[in-house]
Amino acid sequence: DMKVTQMPRYLIKRMGENVLLECGQDMSHETMYWYRQDPGLGLQLIYISYDVDSNSEGDIPKGYRVSRKKREHFSLILDSAKTNQTSVYFCASNRDWGSYEQYFGPGTRLTVL
Amino acid sequence: GEQVEQLPSILRVQEGSSASINCSYEDSASNYFPWYKQEPGENPKLIIDIRSNMERKQIQELIVLLDKKAKRFSLHITDTQPGDSAMYFCAASRSNNRIFFGDGTQLVVKP
């Protein structure tokens, strides 16, 4: 059963605190993504990772950084979180061959006070 | 990069009628067009996709049409049910490159 997991599912932080969002997948997918989604809106791409230590900026990378030291794990880091980073964050992954279906994690709802 | 435009942003239909969502793209090299459904509080899930070597694909009540010449593709849901109410996203992709999403269509099926 193909699965993308995210931890934590809910997080409340104060402005200026550091935030670590974790994503894992058990499908040995090469490519992983971090998106944010604001209420009623679409998915905005923050970062893409093509494999271990091979990361590229997406459309809105400012204020975020990522880390991928193992193929199955992809972390999103907010150094000194801001209130406008309150959002739902989705991780996703897909293979680089065959089906290009992106599998999404359940999301992390982050609130920055 | 690719730009995907999706219309309408909100679509209200009566139960049992059809619903149509239209998308257009700019990059003629895009060759993979998935559709995702997202229910409130849930993650997006792939419901149907079409590749550039096809013009039409149907899975049960879902029909996807692709017009490569016009760079347009569309999702048609026949005989809509309340359970079809959700946010729908179209997307376009070139091979194994990133997927570019439309802004979404909120479908409301009225009983």
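Numbers restart at 1 for each chain; the letters A, B, ... are given by sequence-line order, proteins then strands.
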Interchain contact, A:L41 with chain B, by part (heavy-atom threshold 4.5 Å): backbone
Charged N-O contact under 4.0 Å between A:D53 and A:K69: yes
Residue B:P34 versus chain A: region with a heavy atom under 4.5 Å: neither
Residues in salt bridge (Lys or Arg N to Asp or Glu O under 4.0 Å) contact with B:K45, at least two apart in sequence or another chain: B:E42
Flag for A:E22-A:S75: side-chain donor and acceptor within less than 3.5 Å: yes
B:Y36 ring center within less than 6.0 Å of B:F101 ring center: yes
Region of A:Q37 in contact with chain B, defined by heavy-atom distances below 4.5 Å: side chain
Top of A:I48, A:V88, A:D59 for chain B proximity - count of heavy-atom pairs under 4.5 angstrom: A:D59
Portion of A:F104 that has a non-hydrogen atom of chain B nearer than 4.5 angstrom: both
N-O pairing of A:D38 and A:R36 below 4.0 Å: yes
Part of B:Q38 lying under 4.5 Å from any heavy atom of chain A: side chain
